[in-house]
Amino acid sequence: MVKTRFAPSPTGFLHLGNARTAIFSYLFARHSGGKFVLRIEDTDRERSKVEYEEAILKDLDWLGIEWDEFYRQSERGDTYREFVDKLLESGNAYPCFCTQEELQREREEAQRKGVAYRYSGRCRSLSKKEVEELRREGKSFTIRFRVPDGETVVFEDLVKGHIAINVDDFGDFVIVRSDGSPTYNFVVVVDDALMGITHVVRGEDHIPNTPKQILIYKALGFDVPKFAHLPVILGEDRSKLSKRHGGVSVKAYREEGYVSEALFNYLCLLGWSPPNSDREIFSKEELVEIFELKDINSSPAVFNRDKLLWMSGVYIREVLSVEEVARRLIPFLRDAGYRVEEEYLKRVLEFTRDSFDTFSEAVERLKPFFVDEFEIEDKFLGMLEDMKSYEILSEFLSIVEESKPQNTEEVKKLAKEIQKKLKVKPKEIWHTLRIALTGSLEGVGIDILIALLPKGSLSLRIKRVLDRIS
RNA sequence: GCCCCCAUCGUCUAGCCUGGCCUAGGACGCCGGCCUUUCACGCCGGAAACGCGGGUUCGAAUCCCGCUGGGGGUGCCA
């Protein structure tokens, strides 16, 4: 059975790149009828924070990625100890007493000579006696994996295809630090093997690690999983997407009021495309159905905020129901201090949801439906004075006081009445009402606003303007 | 420097494996028009790409080589 995992380290918020990795990994597992594991890699005690772990969980949940098994690396104790011993016994690993200063010097030396750095192997052939001696002296040591000379590790990457790397490029590497803690390359192998991971789906920045890990798998007698290395996501400047680019955390998009399904959908289209189809809007279920690793593009993709924004809008106006949009929008409206009633909001959305792409944009856009207080710019006030606004508004007010129009048809009829009676152009009426009711010349349909706004708000706003221009 | 990966409109991509159906398709964005009480939405139309050079072949975006360009890695981080 297929089993994949997503293994974030809680050293920051969930990043768009990692989110996409999680999505692909999740989709592949579900598509194959397999299991998806979430493993928090929190062994870096310095940088790992519980707040980040909580935030990552929240973001995954928001995206609709659910996991079947959960692990926290810090709670796995000395699971790794026995495997280190095994490697030590088999001679695949050995203690190394070189100090960081010595190694640093070797590295600089290599740099100067312009050759690829690799560990000199000085402690490679220490005799048992020498090792005991050094340990008795209390010298600290690391444990290195003995990399067989001249070997070429080959694997068939599910995305990149055939990859061959000569191990001489890196040389013996550390698997246990001098403080006794195991390093990433070692832990990841033991964990993946013990958890039965069959397919490792991760970013292509891990390609250089893969041969090291394959060597460990083999030395430990574990089955080597299949690998799928995803191309990285780039920023507008074509460098790897990072904090520098701003707005790269899932959290930022959640708080900005993007539709989560749209982010999920958009991220899928970054580096993957459906076979034989021009479609772009897919539900999670549909994606589970059609997603295949083989359809992943092997070149890096630039993240495009505009398209994500557009897609969020598509979800708001075409995919989600009015009820659903209302439900998700309410917290944003309340945060902005609006007094919201669900039934009223739903009626408003019926007519307005095609005019915004995110919930925070909706807060601005729908303001006239909820807030009676607003400023009118001088230029608009000037326009009111130029038009026959006083007459229009007085007439409008008296009609509304008597019987407020309940739908856009009635509003239009009312406008015609005023037009006939005062002999003014329709445009003049609409512009006057728009400025008087919203303080601006652009925004949602003014007929809708009049039809839906309570009578009280309507007359309050009109009277206020009447006072100012009389 | 060394190692690895990648290369179709500005961006995401289809096509490439299994050469001819490609006058290179779709989407975002952009430009123009329509709709209209404004802004949006929607609809119609447009500009816009096979990085370069060699091969192979009757024929190459598609196969091969080189160059160039971009990305990643080069830790007792993950």
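Order of the sequence lines fixes the chain letters, A, B, ..., with proteins taken first and strands second; residue numbering starts at 1 for each chain. Computation of the quantities below employed the complete heavy-atom set of this structure, encompassing side-chain atoms and omitting hydrogens, waters and symmetry-equivalent molecules.
The side chain of A/Val302 approaches B/C12 more closely than any other nucleotide in the set B/G25, B/C12, B/A27. The side chain of A/His206 approaches B/A78 more closely than any other nucleotide in the set B/A78, B/G25, B/G71. Looking at the side chain of A/Arg107, the nearest of the listed nucleotides B/G73, B/C4, B/G75 is B/G75. The side chain of A/Pro300 sits closest to B/C6 out of B/U13, B/C4, B/C6. Out of B/G72, B/A27, B/C4, the shortest distance to the side chain of A/Lys240 is found at B/G72. For A/Asn297, counting side-chain heavy atoms from C-beta on, the closest listed nucleotide (B/C76, B/U13, B/C5) is B/U13.
Shown here, B/A27 forms a base pair with B/U11; the pair counts as Watson-Crick or G-U wobble because both key distances fall under 3.5 Å. Across the strands present, B/U18 finds no partner; the criterion is a Watson-Crick or G-U wobble pair with both atom distances under 3.5 angstrom. Within the shown strands, nothing qualifies as a pairing partner of B/G75 under the Watson-Crick or G-U definition with both distances less than 3.5 Å. When both distances must be under 3.5 Å, the Watson-Crick or G-U wobble mate of B/C52 is B/G66. B/G59 is unpaired under the criterion used here, namely a Watson-Crick or G-U wobble arrangement in which both key atom distances are under 3.5 Å. Using Watson-Crick or G-U wobble geometry with both donor-acceptor distances under 3.5 Å, B/U36 finds no partner in any strand shown.
For B/U11, one of the phosphate oxygens OP1 or OP2 lies less than 4.0 angstrom from a side-chain nitrogen or oxygen of A/Arg238. A close approach under 4.0 Å does not occur between any side-chain nitrogen or oxygen of A/Asn166 and OP1 or OP2 of B/C2. When the side-chain nitrogen and oxygen atoms of A/Ser178 are compared with OP1 and OP2 of B/C76, none of them lie within a distance under 4.0 Å.
The aromatic rings of A/Phe70 and A/Trp67 sit tilted, their planes meeting at an angle between 30° and 60°. Classified by interplanar angle (parallel below 30°, tilted 30° to 60°, perpendicular above 60°), the ring pair A/Phe141/A/Phe97 is tilted. Classification of the A/Phe13-A/Tyr52 ring pair by plane angle, with boundaries at 30° and 60°, yields perpendicular. By the 30° and 60° cut-offs, the orientation of the rings of A/Phe186 relative to A/Tyr80 is perpendicular. Below 30°, between 30° and 60°, or above 60°: for A/Phe359 and A/Phe332 the angle between ring planes is between 30° and 60°, a tilted geometry.
Rounded to whole Å, atom P of B/C5 lies 7 Å from atom CD1 of A/Ile207. B/C5 atom C1' lies 9 Å from atom CD1 of A/Ile165, rounded to whole Å. In this structure, A/Asp168 places its CG atom 12 Å from P of B/C4, rounding to the nearest Å.
Ion pair A/Asp191/A/Arg5 not flagged as a salt bridge, since none of the NZ, NE, NH1 or NH2 atoms sits closer than 4.0 Å to an Asp/Glu carboxylate oxygen.
A gap of 29 Å separates the P atoms of B/A24 and B/G70, to the nearest Å. The C1' atoms of B/A60 and B/G69 are separated by 22 Å, rounded to the nearest whole Å. Spacing of C1' atoms, B/G25 relative to B/C50, comes out at 13 Å, to the nearest Å. The same atom, P, is picked in B/G72 and in B/C30; the two are 29 Å apart, to the nearest Å. Using C1' as the reference atom, B/C28 and B/U23 are 25 Å apart when rounded to the nearest Å. B/U56 and B/A48 have their P atoms separated by 33 Å, with the value rounded to a whole Å.
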Nucleic acid footprint by protein, nucleotides 29-44 of chain B - heavy-atom cut-off 4.0 Å, B for base, S for sugar-phosphate alone: --------BBBSSS--

Under 4.0 Å protein heavy-atom contact, by nucleotide of nucleotides 61-69 of chain B - B base, S sugar-phosphate only: ---------

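Within 6.0 Å of the CG atom in A/Asp237, the count of heavy atoms belonging to other residues, nucleotides or ligands exceeds 12.
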A/Phe24 vs A/Phe291, ring pair (Phe, Tyr, Trp, His ring centres under 6.0 Å): CA-CA, chis, key distance, verdict: CA-CA 8 Å; A/Phe24 283 179; A/Phe291 182 83; 5.2 Å; yes

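Among A/Arg144, A/Arg124, A/Arg118, the single residue meeting the salt bridge (Lys or Arg N to Asp or Glu O under 4.0 Å) criterion with A/Asp172 is A/Arg124.
Taking every heavy atom of residues 145-159 of chain A and every atom of RNA chain B, no pair lies under 4.0 Å.
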